[in-house]
Number of protein chains: 2
Amino acid sequence: MDKNPLFHKFVAFTAAVHQVTHEMTKDVKFEAITPVQYKILEYIAISQPVTLSEISDCMHMSMPNTSRELRKLNEKQLCEKITDGEDRRKQFIRLSEKGEALMNEAFQRIESRFVQRIKNIPEAELKEIERALDLLHSKVFY
Amino acid sequence: MDKNPLFHKFVAFTAAVHQVTHEMTKDVKFEAITPVQYKILEYIAISQPVTLSEISDCMHMSMPNTSRELRKLNEKQLCEKITDGEDRRKQFIRLSEKGEALMNEAFQRIESRFVQRIKNIPEAELKEIERALDLLHSKVFY
DNA sequence: CCATTTGCTTATCAAATGATAAGTAAAGGG
DNA sequence: CCCTTTACTTATCATTTGATAAGCAAATGG
């Protein structure tokens, strides 16, 4: 397909990452949640508290659509909005208790699949893997 | 979020990969193509010739939906179906000339963004990156 | 042969997502 | 103050995607 072998590896690698994350994250959401809503919850879980604009930016979706999905998550009592004291236009969004519980369970399932995947790898190699993750994260996937 | 630091890195890393691939692949498709259709073309480009069932399996979509999207791509003259001589139920699918041209252009754009991203990295480090890609691909993202 | 399975198609429906126009209230800046 | 900008909401619409039922022709296997 291409003569630059590093680029070729990059493409094959990213395809594999997408494939594996799909396998590891499928069926982790029992609650009636759409894929986009799950992605939003995931983002909130990692970055909370966040504003609506931040979600909109990072998830590459328009403000109106973000607002709508957030309202739905709110109705399902999975997250809550807190108006900022400083700037009362801003909404700080965090997971509700129910949302935290949901995401904890989801992350636990993913982690157990991850552990399954690496369980036969010796300690020394795990160290190498950790270094490889660090290297690629800082140099290529930043 | 979690006490297993390797898992934490794994999560952060995969999120970053998704983020970066999104940035690198957005706007690479001028032709009136939906995201799913682009994904299918990408898969065909890398794995051709493929059967409809293979696309269906790998892209995690049902046969009817795969068939529909493929028909649309066919109507846009981006791919073509060739009935197998051995088993006349099977359809071998490959890109048309127009489809090849489209995907070549897309891949070139992605590659130039990739090159942009790594242009200041010295040769020795690139070697390390290549090794890191190989390691993670074989041990974690297989 | 005939029944069953495989590979794919057609049709239809519901749901999810994306895009746009128009609005509100608060903040900031002359 | 008033004008503009910012942060977000509401409403509406088109498109995309997902799911299901029903079908067909070729192959397979008694």
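What you see is a predicted model; the values in this text were computed from it and never measured. Proteins come first, then strands; the chains are lettered A, B, ... in the order of their sequence lines, and each starts at number 1.
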Protein-nucleotide distance ([X], atom [atom1]; [N], atom [atom2]), rounded to Å:
{"X": "M63(A)", "N": "dT17(C)", "atom1": "CE", "atom2": "P", "result": "19 Å"}
{"X": "L73(A)", "N": "dT17(C)", "atom1": "CG", "atom2": "P", "result": "11 Å"}
{"X": "L70(B)", "N": "dT9(C)", "atom1": "CG", "atom2": "P", "result": "7 Å"}
{"X": "I40(B)", "N": "dT16(D)", "atom1": "CD1", "atom2": "P", "result": "13 Å"}
{"X": "E75(A)", "N": "dT9(D)", "atom1": "CD", "atom2": "C1'", "result": "13 Å"}
{"X": "Y38(B)", "N": "dT17(D)", "atom1": "OH", "atom2": "P", "result": "14 Å"}
{"X": "E69(B)", "N": "dT17(D)", "atom1": "CD", "atom2": "P", "result": "6 Å"}
{"X": "Q37(B)", "N": "dG18(C)", "atom1": "CD", "atom2": "C1'", "result": "15 Å"}

Answer whether the closest heavy-atom distance between the side chains of [X] and [Y] falls below 4.5 Å.
{"X": "Q48(B)", "Y": "E100(B)", "result": "yes"}
{"X": "L95(B)", "Y": "L78(B)", "result": "no"}
{"X": "M61(A)", "Y": "I40(A)", "result": "yes"}
{"X": "L133(B)", "Y": "E130(B)", "result": "no"}

Closest listed nucleotide, where the reference is the side chain of [X] and the choices are [options]:
{"X": "S62(B)", "options": "dT20(D), dC8(C), dT9(D)", "result": "dT20(D)"}
{"X": "P35(B)", "options": "dT16(D), dT10(D), dC8(D)", "result": "dT16(D)"}
{"X": "R68(A)", "options": "dG18(C), dT12(C), dC8(D)", "result": "dG18(C)"}

Given [N], is OP1 or OP2 found less than 4.0 Å from the side-chain N or O atoms of [X]?
{"X": "T34(A)", "N": "dT17(C)", "value": "yes"}
{"X": "K90(A)", "N": "dA25(C)", "value": "no"}
{"X": "K39(A)", "N": "dT17(C)", "value": "no"}

Any ion pair linking [Y] and [X] (charged N to carboxylate O, less than 4.0 Å)?
{"X": "E42(A)", "Y": "K39(A)", "value": "yes"}
{"X": "K76(B)", "Y": "E31(B)", "value": "no"}
{"X": "E69(A)", "Y": "K72(A)", "value": "yes"}

Under 4.0 Å, heavy atoms only, any strand: does T51(B) hit a base, just the sugar-phosphate, or nothing? sugar-phosphate
Nearest-nucleotide wise, let me know which of E86(A) and V36(A) is further upstream toward the 5' end of DNA chain C.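 Nearer the 5' end of the strand: V36(A).
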Could you check N65(A) against R88(A) and say which one's nearest nucleotide on DNA chain C is further toward the 5' end?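 Of the two residues, N65(A) wins.
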Check nucleotides 28-30 of chain C against the protein and report each pair of N or O atoms closer than 3.5 Å, with its distance, or say if there are none.
none

